[in-house]
Amino acid sequence: IGGMDKISTQRGVQFYQTVFKTVVAVRTSKHSEAVKLLENSFRAINISFINEFSNYCDSAGLNVNEIIDAASTKPYGFMEFRPWVGVGGHCIPVDPHYLIKSEPVMEWPLLSDAMTEMHSRPSNLANVELRKKETKLNKILVCGVSYKPDISDVRDAPQKEFIETMLENNVEIHFYDPLVESYMGLTKVDSLTDASCYDKVYVMHQHSNYDYSALDNLSNVQSFVSKKKLHEKFSKPDEKLKSRPTLDDQIKSLRKTNSREDNNQKLISKKLNPTLFNLQRRDSKH
């Protein structure tokens with residue numbers, strides 16, 4: 001949290017402490033904005049690199065996930081990133097561009113190239129599929145159109161560019177996603193029982209606690225699931241996602257904790273900054 005001055009920063013910190021256990025204050029609002037730009041740009045560069053490394057592994061006949069698993073055993077330095085069809089949401093695909101165009105103006109060759117690669121990847125992967133001679137793509141099924149598993153948010157989902165490239169090549173496309181009602185005007189299917197009828201089934205991701213077992217042992221399935229191992233079945237649930245509390249559960253838990261700690265926080269605030277505490281009391285009366 002960074003405010004326009006010390007008082008606004010302190011008020012912001014105290015407000016967000018009613019929801020979050022850990023709130024980090026920085027000196028100004030510009031610093032807080034720069035924190036978000038750094039974090040998302042850092043991930044954008046690493047995601048773009050791991051996607052590029054994945055392309056190399058495909059060409060060299062290497063299992064990229066096995067290599068990442070092994071590299072992740074290093075106790076320091078290495079951070080795990082997994083390749084995918086792209087990146088979505090309204091943070092990583094967007095925020096680095098603010099940094100690139102921010103003032104003072106400077107060149108960002110590494111970040112600019114990473115973003116170019118990131119935005120072109122979905123279409124590039126679609127073109128790779130279209131060039132494969134063993135299968136003529138007339139009708140395909142895309143599984144998962146939200147920008148990540150277990151949400152219905154489709155903002156900046158990379159599947160859009162993948163699908164658009166397919167449509168430009170006269171491929172008929174249906175989609176399967178239990179959490180998304182409509183997408184790009186495509187026909188939605190509510191079951192995977194007829195998956196074998198498509199020329200290709202592209203699995204972009206899997207929502208936890210939904211049955212994908214109909215895809216097991218099908219020869220027409222292409223999975224982009226980043227942590228999918230060759231021996232895993234689609235019916236095997238992602239235990240991390242299954243056991244992870246929902247956002248609503250986390251908020252309820254934090255509210256219970258904060259309600260117990262509220263009186264203590266007020267006492268601490270009064271001791272640390274009696275002037276601010278009195279201002280808050282005055283504001284609450286109005």
Side-chain angles (χ1 to χ4, degrees), residues 33-59 63-65 67-69 71-72 78-102 108-130 140 142-168 173 175-177 179-180 183-184 186 202-208 222-229 238 240-241 244 247:
E33 287 296 321
V35 169
K36 183 173 178 63
L37 295 181
L38 169 63
E39 192 272 335
N40 284 320
S41 298
F42 173 85
R43 286 199 287 165
I45 290 172
N46 282 278
I47 291 169
S48 293
F49 171 71
I50 205 65
N51 285 337
E52 195 171 69
F53 183 74
S54 176
N55 293 340
Y56 164 77
C57 289
D58 288 343
S59 299
N63 186 325
V64 65
N65 283 305
I67 295 168
I68 296 172
D69 289 342
S72 298
F78 184 81
M79 297 186 70
E80 179 185 328
F81 290 86
R82 299 279 172 168
W84 192 47
V85 67
V87 67
H90 209 59
C91 291
I92 299 177
V94 178
D95 288 354
H97 291 292
Y98 295 137
L99 188 56
I100 292 171
K101 297 181 180 180
S102 65
W108 297 86
L110 181 61
L111 183 57
S112 296
D113 287 348
M115 296 307 293
T116 298
E117 190 282 333
M118 177 186 296
H119 293 309
S120 64
R121 180 170 173 79
S123 181
N124 289 342
L125 288 176
N127 282 316
V128 168
E129 293 299 308
L130 289 164
I140 66 172
V142 174
C143 296
V145 295
S146 59
Y147 80 82
K148 65 179 180 179
D150 296 315
I151 64 171
S152 60
D153 195 343
V154 299
R155 289 179 301 168
D156 292 303
Q159 295 94 313
K160 181 176 183 290
E161 284 73 26
F162 183 93
I163 290 170
E164 285 178 340
T165 302
M166 289 289 185
L167 291 173
E168 290 169 1
I173 303 174
F175 83 95
Y176 171 81
D177 194 313
L179 302 184
V180 178
Y183 191 66
M184 296 179 63
L186 303 176
Y202 294 101
V203 182
M204 300 301 183
H205 60 59
Q206 295 176 247
H207 298 301
S208 59
Q222 168 72 43
S223 174
F224 290 109
V225 178
S226 60
K227 292 190 177 183
K228 176 67 66 179
K229 307 298 191 302
D238 187 328
K240 288 183 179 179
L241 289 172
R244 186 175 63 191
L247 180 59

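We count residues from 1, following the sequence as given. Worth saying up front: this structure is predicted, and the values here are computed from it rather than measured.
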* To do: Measure up the Phe224 and Tyr202 rings against each other and bin them: parallel (under 30°), tilted (30 to 60°), perpendicular (over 60°).
  => parallel
* To do: Output, in order, the C-alpha distance, side-chain angles, deciding distance and verdict of side chain to side chain contact (heavy atoms under 4.5 Å, CB included) for Met79 and Arg43.
  => CA-CA 10 Å; Met79 297 186 70; Arg43 286 199 287 165; over 6 Å; no
* Look up atom CD1 in Ile92 and atom CD in Glu39, then write down how far apart they are to the nearest 0.5 Å. => 7.0 Å
* Asked: What heavy-atom pair brings Cys91 and Asn40 nearest, and what distance separates the two atoms?
  -> CB-ND2, 3.8 Å
* Over all heavy atoms of both residues, which pair between Asp177 and Gly144 is shortest? Give the atoms and the distance, please. => OD2-CA, 3.4 Å
* Side chain proximity check, Met184 to Glu164, heavy atoms < 4.5 angstrom -> yes
* **Over all atoms of both residues, closest heavy-atom pair of Ser146 and Val154** => CA-CG1, 4.0 Å
* Asked: Side-chain contact, heavy-atom cut-off 4.5 Å: Ile50 with Pro83?
  -> yes
* To do: Would you mind reporting whether Tyr183 and Val142 have side-chain heavy atoms less than 4.5 Å apart?
  => no
* To do: Going by the side-chain hydrogen bond (donor to acceptor under 3.5 Å, both in side chains) test, name the single residue among Asp95, Asp153, Asp156 that passes it with His90.
  => Asp156
* To do: Applying side chain to side chain contact (heavy atoms under 4.5 Å, CB included), run through Phe53 and Ile67 and close with a yes or a no.
  => CA-CA 10 Å; Phe53 183 74; Ile67 295 168; 4.0 Å; yes
* Structure fact -> Scanning both residues in full, the closest heavy-atom pair of Arg121 with Asn55 reads NH1-OD1, 3.2 Å
* Asked: Considering residues, nucleotides and ligands other than Phe78, do more than 12 of their heavy atoms fall under 6.0 Å from its CZ?
  -> yes
* **Heavy-atom pair of closest approach, residues Pro93 and Val87** => CG-O, 3.7 Å
* To do: With the side chain counted from C-beta on, respond yes when Ile68 and Glu80 share a heavy-atom pair under 4.5 Å apart, and no when they do not.
  => yes
* For the pair Asp150 (side chain) and Ser208 (backbone), establish whether a donor and an acceptor sit closer than 3.5 Å, ignoring hydrogens and angles. => yes
* Measure the spacing between OG of Ser41 and CD1 of Ile100 and express it to the nearest 0.5 Å. => 7.0 Å
* For Met166 and Leu130, what are the C-alpha separation, side-chain angles and deciding distance, and is it a side chain to side chain contact (heavy atoms under 4.5 Å, CB included)? -> CA-CA 8 Å; Met166 289 289 185; Leu130 289 164; 3.7 Å; yes
* **Minimum-distance pair of heavy atoms, taken over all atoms of Leu125 and Trp84** => CD1-O, 4.4 Å
* **Residue pair Glu117, Phe49: steps toward the side chain to side chain contact (heavy atoms under 4.5 Å, CB included) verdict** => CA-CA 9 Å; Glu117 190 282 333; Phe49 171 71; over 6 Å; no
* To do: Quick one: list whatever passes side-chain contact (heavy atoms from CB on, under 4.5 Å) with Thr116, sequence neighbours left out.
  => none
* Please check if the side chain of Ser102 supplies one atom and the backbone of Leu99 the other of a donor-acceptor pair under 3.5 Å. => yes
